[in-house]
Amino acid sequence: MHREDPNFDQLRRLLKLKRHEQPPPRYFNDFSTQVVARLQAAQAASAYQSWWQRLWAGLELRPVVPVALGTALCGLLVVGAVYTDKATVPQELLQLSSEDSSKLAGNDANPLLPAVAQADFGFASAATSTNPVPASGSLFDLIQPGGNVPPVRAAHPLFR
Amino acid sequence: MSEPAPDHETEPAPARPVIRAATAPDPNEEQSLVRRSQQGDLAAYDELVRRYQERVYATIYHMTSNHEDANDLAQETFIKAFQAIKTFKGGSSFFTWVYRIAVNKTINFLKQRKNRTHMSLNDLDFNAEHDPDLVALVSDKTPRREVSLAELQEKLNAAMQKLSESHRLVVTLHDVQGLPHDEIAEIMGCNIGTVRSRLFYARQQLQAHLSDYLK
């Protein structure tokens, strides 16, 4: 609790000077009239406002509403991002798609497909899998020692 | 400007009786005016504006030391109050509720203006040079007291502008307009201890700035 300093008495007397400051004569005679006139003009103008302008004016009076909406929207985005990141394809489906692709590459070679694509480098599983990394590991593990690449099978009739 | 109500908490008993307002606002009548205003009755709202226009204007003027800015902000205060009047639930008095709008608007305006202060002071009324408290502060050797009062007015306003908005506000509401601490706390949205602390600090600052004029 601050004690009243006796020197503040003089300061308080000086501050009383501000009570004697007055606006121009008859200033308040028209003040309320001007306020009401402005309100009436605003009401007349709002009659021509579009629905979104009226909505915006309403939101300006209640800022808590757009803040709450924005927070909820951000929360939904965060939840969606987290949920999407955690989503994975089941392993059984990956293996099944890998087997099907191998069969297509080995027996019923599509003559239009380059042979490299048809070779069993394990890319089939990569091509059909949602996981970009082959199940067998690095892509370079599949290349034969010496850098040999299996020859291209010229299966297309044009190359016979 | 009507004589403000005395603060019985800290000030000693006044030497002369304080003249209260001739017609104290009837709470029931005010509730009726507020209710009608909430239903869009501009005539009722006009009456509410007339009741509080002087005090709202005065608060803003003492904060800004600029008549033109005070005029604009006071009008905008009442306009915003009408637009938001449906949100007034009666938890505080209508006077306090409007004051809070005025204070927030003024502080936002001052923060945007930052340090670009431009004073446009109102004239002192005729009673100023006959106020015994003010006469005592003016040197007896000055041939024309009204000139010294004008200089005092300018120095006082300049010193007020050096205070932060919150300190200036508490001095305005308490020492100039005579509001009690609890009402100031409600207007400013803080506790009474904070009001007392800010008031003490603000008075110290003003005293330092005005030491040449305080004998």
Side-chain angles (χ1 to χ4, degrees), chain A residues 1-70, chain B residues 1 3-4 10-12 40 42-43 45-50 53-54 57-58 61-62 67 70-71 74-75 78-80 82-84 87 121-128 131 133-134 136-137 149 152-153 156-157 160 171-172 175-178 196-197 199-200 203-204 206-207 210 213-215:
Chain A
M1 177 76 73
H2 300 285
R3 287 190 179 178
E4 282 298 325
D5 189 326
N7 288 334
F8 285 159
D9 285 341
Q10 278 201 321
L11 175 65
R12 286 216 294 265
R13 289 197 193 103
L14 179 57
L15 283 167
K16 283 178 63 178
L17 185 147
K18 289 196 68 63
R19 298 178 191 171
H20 291 285
E21 291 179 308
Q22 294 294 329
R26 295 177 297 279
Y27 168 74
F28 289 113
N29 289 1
D30 299 327
F31 183 86
S32 64
T33 307
Q34 292 177 11
V35 169
V36 169
R38 286 178 66 173
L39 286 171
Q40 287 172 334
Q43 284 180 344
S46 68
Y48 297 98
Q49 279 181 335
S50 60
W51 67 268
W52 63 269
Q53 285 176 317
R54 284 196 293 271
L55 175 64
W56 183 257
L59 290 176
E60 277 186 315
L61 283 176
R62 292 179 184 244
V64 68
V65 172
V67 167
L69 283 174
Chain B
M1 216 172 289
E3 188 78 17
T10 57
E11 287 186 347
L42 283 175
Y45 191 68
D46 180 86
E47 177 57 30
L48 285 173
V49 173
R50 287 176 185 275
Q53 59 187 7
E54 293 189 28
Y57 167 86
Y61 168 76
H62 294 315
H67 165 69
N71 174 58
Q75 286 202 14
F78 284 109
I79 287 171
K80 181 165 184 182
F82 182 78
Q83 291 170 341
T87 65
L121 302 179
N122 287 331
D123 293 332
L124 297 173
D125 63 17
F126 176 76
N127 297 324
D131 190 323
D133 290 329
L134 297 179
L137 287 171
L149 281 177
L152 267 180
Q153 178 193 14
L156 176 57
N157 277 278
M160 291 274 285
V171 168
T172 295
D175 288 338
V176 180
Q177 296 196 289
R196 290 184 194 274
S197 295
L199 190 58
F200 183 78
R203 285 170 172 174
Q204 276 190 323
L206 283 177
Q207 193 154 278
L210 298 167
Y213 302 90
L214 298 171
K215 298 181 245 178

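Every chain is numbered from 1 and lettered A, B, ... according to where its sequence line falls, protein lines coming before strand lines.
Side-chain contact between B:Phe82 and A:Val36: absent, with no pair of heavy atoms (C-beta onward) separated by less than 4.5 Å. Counting heavy atoms from C-beta outward, A:Leu15 and B:Met160 have side chains that approach closer than 4.5 Å. A:Phe31 places a side-chain heavy atom less than 4.5 Å from the side chain of B:Gln75. Between A:Gln43 and B:Leu42 the shortest side-chain heavy-atom distance falls below 4.5 Å. The shortest side-chain heavy-atom distance between B:Asp175 and A:Phe8 does not fall under the 4.5 Å cut-off.
B:Asp131 and A:His20 share a side-chain donor-acceptor pair at under 3.5 Å.
The parts of B:Gln204 that come within reach of chain A are both its backbone and its side chain, each placing non-hydrogen atoms under 4.5 angstrom from that chain. For B:Ile79, the parts lying under 4.5 angstrom from a heavy atom of chain A are both the backbone and the side chain. Contacts of B:Ala74 with chain A are made by both backbone and side-chain atoms, with heavy-atom separations under 4.5 Å.
To the nearest 0.5 Å, the span separating CG on B:Asp125 from CD on A:Gln22 amounts to 5.0 Å. Remark: A:Leu39 CG to B:Lys80 NZ distance equals 14.0 Å, nearest 0.5 Å. B:Asp133 CG to A:Arg12 CZ: the interatomic distance, rounded to the nearest 0.5 Å, is 11.0 Å. Taken to the nearest 0.5 Å, the CG atom of B:Leu134 stands 5.0 Å off from the CG atom of A:Leu17.
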Q: Test A:Lys18 against B:Leu121 for side chain to side chain contact (heavy atoms under 4.5 Å, CB included), laying out the working first.
A: CA-CA 10 Å; A:Lys18 289 196 68 63; B:Leu121 302 179; 5.7 Å; no

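When each of B:Val171, B:Asn127, B:Thr172 is scored by its heavy-atom pairs under 4.5 Å with chain A, the top score falls to B:Asn127. Here B:Leu156 is the residue among B:Val49, B:Leu210, B:Leu156 with the most heavy-atom pairs under 4.5 Å with chain A.
Among residues two or more places apart in sequence or in another chain, the side-chain contact (heavy atoms from CB on, under 4.5 Å) test is passed with B:Asn122 by A:Glu21, A:Pro23, A:Pro24, B:Tyr57, B:Tyr61, B:His67. Contacts of B:Asp123 classified as side-chain contact (heavy atoms from CB on, under 4.5 Å), with partners at least two apart in sequence or in another chain: none.
A donor-acceptor contact shorter than 3.5 Å links the side chain of A:Arg19 to the backbone of B:Val176.
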